[in-house]
2 protein chains.
Amino acid sequence: MGRMGRTPPHPDVSQFDLQQVLEALVDPVRRSIVTQLDAAGEDLACGTFDIAVSKSTATHHFKVLREAGLIRQYYVGTSRLNALRRAEMDEAFPGLLDALTRPRVPVAP
Amino acid sequence: MGRMGRTPPHPDVSQFDLQQVLEALVDPVRRSIVTQLDAAGEDLACGTFDIAVSKSTATHHFKVLREAGLIRQYYVGTSRLNALRRAEMDEAFPGLLDALTRPRVPVAP
DNA sequence: ATCGAAGTTTGACGACGATCGTACTTCTGT
DNA sequence: ACAGAAGTACGATCGTCGTCAAACTTCGAT
C-alpha cells in the first residue's frame, strides 16, 4: 500500500501563505535549491542539486518547499523531478522571488 | 558607565546580509513592526507598537531588526524612536520590502 | 529474480531562538 | 530629591527545526 509514485499534495495558489513561504526561504539550503532551480530554467531531480546535506535531510527540505508552494514535484521513473512554481508565486507575492534570487548587487564605494 | 543614551551600532548598507535580513523578517512580530513602521510613514517609539509580547521580548526584536539594518534607533528623552531604513534596504535588496509589506492581493476565483 | 539507484520514513539528538520575569538604568516631571 | 515612565540586561525555560543514520520502498536494468 501507499505507492511511492503517488503524487504528493500541492497547495493551490489561493492557499499560499506568506509566513509559510518565508519560513521555507529563510533556510540557506532551501533558498539555494530555489536559486539553482531558477537559474537552471528546467526541472531538476533531487539528486542533481549542489547541497551539502544527507539524502534524508534533502527530502525534508524538498517537502518544506513543496508544502509552501514553491516547487512542484513529480516522478519520472525512480527520480523525483522538481519544478519551480515561478508564475504562481509571482501571482501570490509579486517581486518576492525576484528579490531573493537576484544576485547581490555590489554597493557603490 | 555605559550611558543608556549612547547610540547603538548600526550596520552600513554595504554590510547588509540577506540571510540576516530574512532571519529578521521571518518572525511575525518583527515583520509586523516593519509593516507598522512602513504604514505609519514616521518614526515610532518602541512602546507605541501594537505587538503582543513583553517589554523585554520587544527589546530583543528591535535589536534583531536594528542589527539586520532594517531600522535605525535613536533616543529622544526616555523614548527610543525607530526609523525604517527603507531607502537603504531598497538599495541593497530591491523589491524585498515592497513584496513583504504589500497587503496580500486576493487571488481571482 | 536480483541488484542497485533514488528517495522516503522514522526516530533521536543538538542547537538555536522566542518568550518571560526580575532587576537595573536613564531620563522627565513634580 | 523622588517617583514613575521607558527601555535594557540577564538568566532560565521551552519548543521547534535542521541534521543524521538506519531501515525501507519503488523502479529500472541486467
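We name chains A, B, ... by the order of the sequence lines, and we start the count at 1 in each one. Note that the coordinates shown come from a computational prediction; the quantities given were computed from them, not determined experimentally. Just the heavy atoms: all of them, side chains too, but no hydrogens, waters or symmetry mates, feed the values below.
Taking CG of B:L97 as the start and CZ of B:R102 as the end, the distance is 11.0 Å to the nearest 0.5 Å.
Residue-to-nucleotide contacts include a donor-acceptor pair under 3.5 Å from the side chain of B:S56 to the base of C:dG21.
Applying the salt bridge (Lys or Arg N to Asp or Glu O under 4.0 Å) rule to B:R72 yields the partners B:E88; only residues at least two apart in sequence or on another chain are considered.
OP1 or OP2 of D:dC20 has at least one side-chain nitrogen or oxygen of A:S54 nearer than 4.0 Å. Note on A:T57: a side-chain N or O is less than 4.0 Å away from OP1 or OP2 of D:dC20.
The side-chain contact (heavy atoms from CB on, under 4.5 Å) test with B:M89 is passed by exactly one of B:D98, B:L96, B:L70: B:L70.
The distance between atom NZ of A:K55 and atom C1' of D:dA23, rounded to the nearest whole Å, is 12 Å. In this structure, CG of B:L81 is placed 12 Å from P of D:dA6, rounded to the nearest angstrom. Taking atom CZ of B:F62 as the reference point, atom P of C:dA18 lies 14 Å away to the nearest angstrom. At whole-Å resolution of the value, NE2 in B:H60 and P in C:dA18 are 4 Å apart. Per the geometry, OH belonging to B:Y75 stands 14 Å off P belonging to C:dT25, to the nearest Å. A:F49 has its CZ atom 10 Å from the P atom of C:dG7, to the nearest Å. Going from atom CG of A:L44 over to atom P of C:dG7 covers 11 Å, rounded to whole Å. For the pair A:Y74 OH and D:dC27 P, the interatomic distance rounds to 17 Å; values are reported in whole Å.
B:A45 comes within 4.0 angstrom of the backbone, heavy atoms only, and of no base. Note on B:S79: only backbone sugar-phosphate atoms sit closer than 4.0 angstrom, heavy atoms only; bases stay farther off. Among the atoms of the strands shown, only primed sugar atoms or phosphate atoms (P, OP1, OP2) are found under 4.0 Å from some heavy atom of A:H61.
For the segment residues 16-38 of chain A, the set of residues with a heavy atom within less than 4.0 Å of an atom of DNA chain C is empty.
Sequence neighbours left out, the pairs with a member in residues 32-47 of chain A that pass salt bridge (charged side-chain N to carboxylate O under 4.0 Å, His left out) are A:D38-A:R86.
Using a 3.5 Å distance cut-off with no hydrogens or angles, the side chains of A:S56 and A:T59 do not pair a donor with an acceptor.
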Full working for side-chain contact (heavy atoms from CB on, under 4.5 Å) between A:L100 and B:L22: CA-CA 10 Å; A:L100 296 182; B:L22 283 182; 4.0 Å; yes
Intermediate values then yes/no, side-chain contact (heavy atoms from CB on, under 4.5 Å), B:Q15 and B:D12: CA-CA 5 Å; B:Q15 299 172 333; B:D12 186 78; 4.0 Å; yes
